[in-house]
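The structure appears right after this line, and notes come after that.
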Amino acid sequence: MKRKASLHNLGCKVNAYETEAMRQLLEKAGYQIVPFGEPADVCIVNTCSVTNVADKKSRQMLHRARAKNQEAVIVAAGCYVQAACQELEQDGAVDIIVGNNQKKEIVSILEEHFKKAEQESGQHIHMLDIGGTKEYEDLSISKVSQHTRAMLKVQDGCNQFCSYCIIPYTRGRVRSRKPEAVLQEVNVLAESGCKEVVLTGIHLSSYGIDLTEDHSPALLELIQSIHEIKGVERIRLGSLEPRIITRDFVNQLARLPKVCHHFHLSLQSGCEATLKRMNRHYTPKEYLERCEILREVFSDPAITTDVIVGFPGETEEEFEITREFLERVHFYEMHVFKYSRRGGTRAASMPDQVLESVKGMRSDVLIDLENRMSLEYRKRFLERPNQVLLEEVMEINGKPYVTGYTKEYVKMAVSEEYLQDWKGKVLEGYGKQMLAPEIIELIPKNGKIG
């Protein structure tokens, strides 16, 4: 009888990719994959540690897995494992601890556990590589589970050491996947029906610095190679550092029609003094110049970002400088985070820690701003031609629609009555109306397709 396994992912796109890779490894080994929360023999939680809230959610999910499956093997994997291994060693909810860069061994780790469990109950296996990771862990996926878009991890680790961030300690230094391995996986995904690949990494802009003799980034060359693969219709980029956005880089991207006009440039603060305390290596002026280059070369690109409020020492004046800067750039979307004090980082011991109540108020201000700017951007897609990669059916206002995204990652919905055999197809049409603040109804250009 097949063993049953369930997986739950917390955190970033890199984690999501690794969770999917583990799922496919287990499936290939003969495990039956069931939804998380249903009865299973193995429950894997791929944890996150980017904030204190992420730590808490990781602990809660591990305990929830145990509560739902008292007899199951509970596996803790990922970044929270790296940050809190001693705590997890004492946690009775956890049976197996799998550190980053050991996830590819998940099948053999489980086999070893089951063998030892027959002889000794409560056996724990610790597979940790804290701070010592030197090689890229060559996980891969061969198919897309649900949509026509696939996350593609090409890089791991970070050398930046921002003063607030624990990730360089949980993920290690920069490690890049060899381009031939990336291209091989893209070919396999394209053959399985994947139309869009999203390049992800812990610090994607650093891709290739450990592979090239002069330690220069090689992300552009990788994108150009992927662009040549038949079957791939879109290439979307994950989070980028502003410094990679040079005029030459952007001009080269503009020559590649498969590249999506969606650029996530990490900002964190619009105040230069705050950026210095964060150990971010650019100024607001330099950041704005990068956004202007993108808007000069691409027609109305989507520019999205991350912002931290309540960083140590952030005064009302500094916050107001940030708010005004965000409005000036006019982002499509912003991910707003309240600063989370992380032990082991420089920011944790900085003076003038900001009250949680103040962080909450500042967060609310920026979320309101984000909602307004995002809606303004989406409305620009009404009454103009759009191309949408169709992905899935969902019910909106009681009616079935097929939904998907434009190259700018604007979500659109097409009435199901227009479509036949729609999966994975790119539909041209015109934005009609707002079905919801985040969804535009699309009218097909040429009636039915399929």
Side-chain angles (χ1 to χ4, degrees), residues 12-13 16 147 149 196 198 200 234 236-240 242 245 259-271 284 287-288 290-310 319-339 359-392 394 396-397 401-414 429-443:
C12 64
K13 292 177 181 178
H147 305 302
R149 179 189 310 114
E196 178 180 313
V198 185
T200 66
R234 289 182 177 180
R236 196 176 298 277
L237 304 180
S239 180
L240 300 172
I245 304 297
V259 171
C260 292
H261 304 173
H262 172 207
F263 303 95
H264 187 89
L265 302 186
S266 182
L267 174 63
Q268 309 307 354
S269 175
C271 173
Y287 186 98
L288 182 60
R290 270 49 173 190
C291 295
E292 289 171 346
I293 290 172
L294 287 169
R295 286 171 171 152
E296 287 171 11
V297 176
F298 292 99
S299 176
D300 205 10
I303 301 179
T304 59
T305 198
D306 304 309
V307 184
I308 296 173
V309 297
F319 171 70
E320 182 59 22
I321 290 171
T322 290
R323 189 201 64 76
E324 290 177 356
F325 182 79
L326 298 174
E327 194 158 17
R328 182 180 179 189
V329 175
H330 218 79
F331 292 98
Y332 164 36
E333 288 182 337
M334 302 188 305
H335 300 151
V336 180
F337 301 91
K338 290 180 283 188
Y339 167 71
K359 294 178 191 176
M361 288 187 290
R362 292 176 184 175
S363 175
D364 290 344
V365 170
L366 295 192
I367 289 172
D368 288 344
L369 174 61
E370 193 272 344
N371 289 337
R372 176 170 60 81
M373 293 193 299
S374 186
L375 184 59
E376 288 176 6
Y377 182 78
R378 288 186 174 93
K379 283 183 175 180
R380 299 211 290 268
F381 289 77
L382 296 171
E383 304 300 330
R384 81 181 194 190
N386 296 286
Q387 287 187 337
V388 179
L389 176 59
L390 301 174
E391 295 184 3
E392 61 180 343
M394 65 182 297
I396 305 171
N397 300 327
Y401 287 86
V402 181
T403 63
Y405 290 88
T406 68
K407 283 189 172 183
E408 298 83 3
Y409 210 64
V410 173
K411 190 170 188 177
M412 296 200 169
V414 187
Y430 295 88
K432 180 186 178 183
Q433 62 182 334
M434 306 298 298
L435 292 172
E438 72 281 4
I439 305 176
I440 295 174
E441 183 176 9
L442 188 80
I443 300 299

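All figures in this text were calculated on a predicted structure; none of them were measured in a lab. Because only heavy atoms are used, hydrogens play no part in the values below, and waters and symmetry mates are left out as well, while side chains stay in.
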Separation between CG (L375) and CE (M434), nearest 0.5 Å, reads 5.0 Å
With side-chain contact (heavy atoms from CB on, under 4.5 Å) as the test, would you mind laying out the steps for V307 and F331 before giving the verdict?
CA-CA 11 Å; V307 184; F331 292 98; 5.9 Å; no
Between T305 and Y287, a side-chain donor and acceptor under 3.5 Å:
yes
When rounded to the nearest 0.5 Å, the distance separating CG of D364 from CG of L369 is 12.5 Å
Residues which pass salt bridge (charged side-chain N to carboxylate O under 4.0 Å, His left out) with R362, listed by chain and number, not counting sequence neighbours:
E314, E316
Got L240 and R290 here, is their nearest side-chain heavy-atom distance under 4.5 Å?
no
Could you walk me through whether K411 and M394 pass the side-chain contact (heavy atoms from CB on, under 4.5 Å) test, one step at a time?
CA-CA 12 Å; K411 190 170 188 177; M394 65 182 297; 3.5 Å; yes
Please give me the minimum heavy-atom distance between V259 and H261, naming the atom from each residue.
O-CD2, 3.4 Å
Please list, chain by chain and in numerical order, all residues satisfying ring-ring contact (aromatic ring centres under 6.0 Å, His included) with F337, sequence neighbours excluded.
none
If you compare all heavy atoms of G431 against all heavy atoms of L442, which two are closest, and at what distance to 0.1 Å?
N-CD1, 3.8 Å
With a 4.0 Å cut-off, would you call E324 and R328 a salt bridge?
no
Nearest-0.5 Å distance, OH of residue Y409 to CG of residue L389
11.0 Å
Taking the six-membered ring of F319, is NZ or CZ of R323 closer than 6.0 Å to its centre and within 45° of its axis?
no
To the nearest 0.5 Å, how far apart are CG in L265 and CG in L294?
6.0 Å
Non-hydrogen side-chain atoms of I303 and H330 separated by less than 4.5 Å
no
Can you name the nearest heavy-atom pair linking R234 to Q387, along with the distance?
NH2-O, 3.0 Å
Which heavy atom of V336 sits nearest a heavy atom of S363, and at what distance?
CG1-OG, 3.8 Å
Between the main-chain N or O of G310 and the side-chain N or O of K338, is there a donor-acceptor pair closer than 3.5 Å?
no
Which residues share a ring-ring contact (aromatic ring centres under 6.0 Å, His included) with Y401, sequence neighbours left out:
none
Are any of the side-chain nitrogens in E376 or R372 under 4.0 Å away from the carboxylate oxygens of its partner?
yes
For the CE atom of M334 and the CE atom of M373, what is their distance to the nearest 0.5 Å?
4.0 Å
For I321 and G270, work out which heavy atoms get closest and say how close.
CG2-O, 3.7 Å
Between E196 and Y405, is the side-chain contact (heavy atoms from CB on, under 4.5 Å) condition met? List the steps.
CA-CA 11 Å; E196 178 180 313; Y405 290 88; 5.9 Å; no
Side chains of D306 and H264 only: does a donor on one sit below 3.5 Å from an acceptor on the other?
yes
Measure up the H262 and Y332 rings against each other and bin them: parallel (under 30°), tilted (30 to 60°), perpendicular (over 60°).
perpendicular
Is it true that E292 and R295 have a side-chain N and a carboxylate O under 4.0 angstrom from each other?
no
Can you find a heavy atom in the side chain of L366 that is under 4.5 Å from one in the side chain of V309?
yes
Under 4.0 Å between a Lys/Arg side-chain N and an Asp/Glu carboxylate O for R378 and E333?
yes
Under 3.5 Å: donor-acceptor pair, side chain of T403, backbone of A413:
no
When rounded to the nearest 0.5 Å, the distance separating CD1 of I293 from CD1 of I245 is 8.0 Å
Is there a side-chain contact (heavy atoms from CB on, under 4.5 Å) between L326 and L267? Walk through the geometry before answering.
CA-CA 10 Å; L326 298 174; L267 174 63; 3.5 Å; yes
Report yes if the side chains of N371 and P437 come closer than 4.5 Å at any heavy-atom pair, otherwise no.
no
What are the two closest non-hydrogen atoms of G404 and V388, and how far apart are they?
C-CG1, 3.5 Å
